[in-house]
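The structure presented is a predicted model; accordingly, all values stated were derived computationally and were not measured.
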Amino acid sequence: MKHLAKLFLYGALACGTTLVTGQAHAALLINVDTAGCDTNVAINNAIGQSFRVNAATSLESIEIWIKPNLYYTTSYTLELYEGEGTSGTHLGTSATTVTLGSQSDGTPSGFQAFSFANPGLVLQASHAYTFRLVRSSAYSGAFSHCGNVYPDGNEYWLGYSSDSSHDVAFRLYGTQASAPGARALQLSSSTGSYVDVGSLSIPENFTIEAWVKPESEGTQMILTKDYGCVAANQFRLQLEPTNKAAFMMSDGAAADGGLWSASLSYKLQSSSALPLSAWSHLAVTKSGNVFTLYVNGTAEATYTTSVNLLHSGTQPFQMGSRVGCSGTAPDLTFNGLIDEVRVWSVARTQADIDANMSSPLFSPNPAWPDLKAYWRLDDGSATVARDERNAYPGTLVNGPVWFMAN
């Protein structure tokens, strides 16, 4: 049976450091503990540490081990920078300020949590980042000054000067999405490969879903029933040049109800770029005039159109491409992996999407009658993608490759 659970599997690191198995929600991903460390080194104005994550990660919080000042109350914030050191782009400051009483007051030493409230703060795999713990009070406490126990980063003395022989004791919590299943379909922009489903019509109200793992940036089609260069009957879930996910639709008279604006571009687009070489789940729902775009189960954009858009085109439904301006050639093909594609004849709720996006669907199931088409893309061979509803098989064009999803 296919397992779509979001699993986080990591290996062990050096003594004093571990990468930890997590679950679907925020997990402990990096743990540099205090064993064998000097826990009485003054923070002074600031202290920093660089690190890397092994997969695209939505950052939730970073915990720093802090020893209170002997006599005075102290306060701290945490800054995050791109790259090694703090000369790179400042990505954000913690939403929380940590204030500690003194040792004389009985305040214990321990890991203090600095949360990041921005849901768009996504860390890229194998990319260097540096946090800087900044004192915001007149006095400071101490941090845990460890030997070189964490191989993927360096301590930054005073937050600026690199010390490759030491590390700060810290913990990092975040959420990662792994491959949704054992197999997936690899599409290539270099060969123009895609899946042609044919005459699937778009319901008046609908939900479309797919797991995608893009391997390059640029405008790319994901799910479409669309002709290039034709304004009428557009229908496409795509990546923009910035790798943001976007959705567009128009009716037979070329009305789009405001989904597109020449000055504002797509009204339904994700708040941030999808990470490369990492899985993301995308869904779009239409309920009457209300459209919503979801990324990994979270609603990222909602728009109410001025008219109820009905798609009446005869274009083929495709995965990873659309029909180009010539009327035959593939256009803006997707480069990466695609999996678990579903078309529903109802607008599913956010709770429905979140509950089922990481689980396989089998009949009998209360939701099964609302599934218009469902391609698990687990076939593993042949040139046809099986539709679990046995209505809309997809023809593999230009050599898509069956691939182990991880």
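- Once rounded to the nearest 0.5 Å, the distance linking CZ of Phe291 with NZ of Lys267 reads 12.5 Å.
- Side-chain contact between Arg183 and Asp378: present, with at least one pair of heavy atoms (C-beta onward) separated by less than 4.5 Å.
- The backbone N or O of Ser312 sits less than 3.5 Å from a side-chain atom of Asn233, completing a donor-acceptor pair.
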Check: Yes or no on side-chain hydrogen bond (donor to acceptor under 3.5 Å, both in side chains) for Thr219 and Glu240, after CA distance, side-chain angles and deciding distance?
Finding: CA-CA 5 Å; Thr219 303; Glu240 298 186 72; over 6 Å; no
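- Here the straight-line distance linking atom CZ of Arg171 with atom CD of Gln112 works out to 10.5 Å at 0.5 Å rounding.
- Taking 4.5 Å as the limit, some side-chain heavy atom of Val295 sits within range of a side-chain heavy atom of Leu274.
- Side-chain contact between Trp402 and Leu377 is present, with at least one heavy-atom pair separated by less than 4.5 Å.
- The shortest non-hydrogen separation linking Trp375 to Tyr392 is NE1-O, 2.8 Å.
- For His166, the ring pair (Phe, Tyr, Trp, His ring centres under 6.0 Å) partners two or more places apart in sequence, or in a different chain, are His145.
- Between the side chain of His311 and the main chain of Gly313, a donor-acceptor pair closer than 3.5 Å is present.
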Name every donor-acceptor pair, under 3.5 Å, that has one atom in a side chain of residues 94-101 and the other anywhere in the protein, sequence neighbours excluded.
from, atom 1, to, atom 2, distance (Å)
Ser94, OG, Leu78, N, 3.1
Ser94, OG, Thr96, O, 2.8
Thr96, OG1, Ser115, N, 3.0
Thr99, OG1, Ser75, OG, 3.0

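- Counting only residues at least two apart or in different chains, salt bridge (Lys or Arg N to Asp or Glu O under 4.0 Å) contacts with residues 303-321 are absent.
- For Trp260, the ring pair (Phe, Tyr, Trp, His ring centres under 6.0 Å) partners two or more places apart in sequence, or in a different chain, are Tyr266.
- At least one side-chain heavy atom of Glu82 sits less than 4.5 Å from a side-chain heavy atom of His127.
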Notebook entry, point to check: Yes or no on side-chain contact (heavy atoms from CB on, under 4.5 Å) for Thr86 and Tyr156, after CA distance, side-chain angles and deciding distance?
Noted result: CA-CA 9 Å; Thr86 55; Tyr156 278 82; over 6 Å; no
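- For the residue pair Gly324 and Asp331, the shortest heavy atom distance occurs at CA-CB, 3.5 Å.
- By the 4.5 Å heavy-atom criterion applied to side chains, Phe334 and Met221 are not counted as neighbours.
- Side-chain contact between Ile30 and Asp152 is absent, with no heavy atoms from C-beta onward closer than 4.5 Å.
- In this structure, the side chain of Lys67 does not engage the main chain of Gly141 through any donor-acceptor pair within 3.5 Å.
- Residue pairs meeting the salt bridge (Lys or Arg N to Asp or Glu O under 4.0 Å) criterion with at least one partner in residues 131-150, sequence neighbours excluded, are Glu79-Arg132.
- Between the side chain of Asn205 and the backbone N or O of Gly288 there is at least one donor-acceptor pair closer than 3.5 Å.
- Considering only residues two or more places apart in sequence or on other chains, Ser190 meets the side-chain hydrogen bond (donor to acceptor under 3.5 Å, both in side chains) condition with Ser188.
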Checklist line | Phe114 and Phe131: CA distance, side-chain angles, deciding distance, ring-ring contact (aromatic ring centres under 6.0 Å, His included) verdict | finding: CA-CA 11 Å; Phe114 297 85; Phe131 65 74; 8.9 Å; no
In residues 365-373, what donor-acceptor pairs under 3.5 Å come from side-chain atoms, sequence neighbours left out?
from, atom 1, to, atom 2, distance (Å)
Asn365, OD1, Ala367, N, 2.8

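- For the 3.5 Å distance criterion, the side chains of Thr305 and Asp256 fail to qualify, holding no donor opposite an acceptor.
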Next item on the list: Verify side-chain hydrogen bond (donor to acceptor under 3.5 Å, both in side chains) between Ser161 and Asp163, making sure each step is shown before the conclusion.
Entry: CA-CA 7 Å; Ser161 179; Asp163 179 357; over 6 Å; no
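- When the options Trp65, Tyr150, Phe143 are evaluated for a ring-ring contact (aromatic ring centres under 6.0 Å, His included) with Phe170, the one that passes is Tyr150.
- Minimum interatomic distance between Arg386 and Asp379 (heavy atoms only, all atoms of both residues): N-OD2, 3.1 Å.
- Nearest heavy-atom pair across Phe116 and Thr93 is CE2-C, 3.9 Å.
- Taking the side chain as every heavy atom from C-beta outward, Ser199 and Pro316 never approach each other to under 4.5 Å.
- Using a 4.5 Å heavy-atom threshold, the side chains of Tyr129 and Leu91 count as touching.
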Margin query: What verdict does the side-chain contact (heavy atoms from CB on, under 4.5 Å) test give for Thr207 and Asp352, after you've listed the backbone C-alpha separation in whole Å, the side-chain angles of each residue and the deciding distance to 0.1 Å?
Written below: CA-CA 11 Å; Thr207 301; Asp352 289 337; over 6 Å; no
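- Taking the salt bridge (charged side-chain N to carboxylate O under 4.0 Å, His left out) definition, one finds that Glu84 meets it with Arg52, sequence neighbours left out.
- The main-chain N or O of Tyr72 is never found under 3.5 Å from a side-chain atom of Ser102 such that the two would form a donor-acceptor pair.
- Judged purely by distance below 3.5 Å, without hydrogens or angles, the side chains of Arg342 and Asn356 never pair a donor atom with an acceptor atom.
- Here the closest non-hydrogen pair linking Cys146 and Asp33 is SG-O, 3.7 Å.
- Pairs passing the disulfide bond (SG atoms under 2.5 Å apart) check and including a residue from residues 284-401, sequence neighbours excluded, read Cys229-Cys325.
- Of the candidates Ser271, Ser270, Ser272, Ser271 is the only one forming a side-chain hydrogen bond (donor to acceptor under 3.5 Å, both in side chains) with Glu300.
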Next item on the list: Would you check, one step at a time, whether the test ring-ring contact (aromatic ring centres under 6.0 Å, His included) holds for Phe235 with Phe206?
Entry: CA-CA 12 Å; Phe235 184 92; Phe206 61 78; 5.4 Å; yes
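- Listed by chain and residue number, nothing satisfies the ring pair (Phe, Tyr, Trp, His ring centres under 6.0 Å) test with Tyr173 (two or more places apart in sequence, or in another chain).
- For Tyr160, there are no ring pair (Phe, Tyr, Trp, His ring centres under 6.0 Å) partners, not counting sequence neighbours.
- Summarising the geometry, atom CG belonging to Leu172 is positioned 10.0 Å from atom CD belonging to Glu60; distances are rounded to the nearest 0.5 Å.
- Pairs engaging residues 227-236 under the salt bridge (Lys or Arg N to Asp or Glu O under 4.0 Å) rule: Asp226-Arg236 [sequence neighbours left out].
- Counting only N and O atoms by type, the side chains of Ser277 and Glu215 include a donor and acceptor under 3.5 Å apart.
- Of the inter-residue distances, the one linking Leu282 atom CG with Leu293 atom CG reads 6.5 Å to the nearest 0.5 angstrom.
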Next item on the list: With side-chain hydrogen bond (donor to acceptor under 3.5 Å, both in side chains) as the test, would you mind laying out the steps for Tyr227 and Gln234 before giving the verdict?
Entry: CA-CA 7 Å; Tyr227 280 133; Gln234 299 178 68; over 6 Å; no
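- Side-chain atoms of Gln49 come within 3.5 Å of backbone N or O of Val168 as a donor-acceptor pair.
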Next item on the list: Decide yes or no on side-chain hydrogen bond (donor to acceptor under 3.5 Å, both in side chains) for Thr74 and Tyr76, but give the supporting numbers first.
Entry: CA-CA 7 Å; Thr74 55; Tyr76 310 89; 3.1 Å; yes
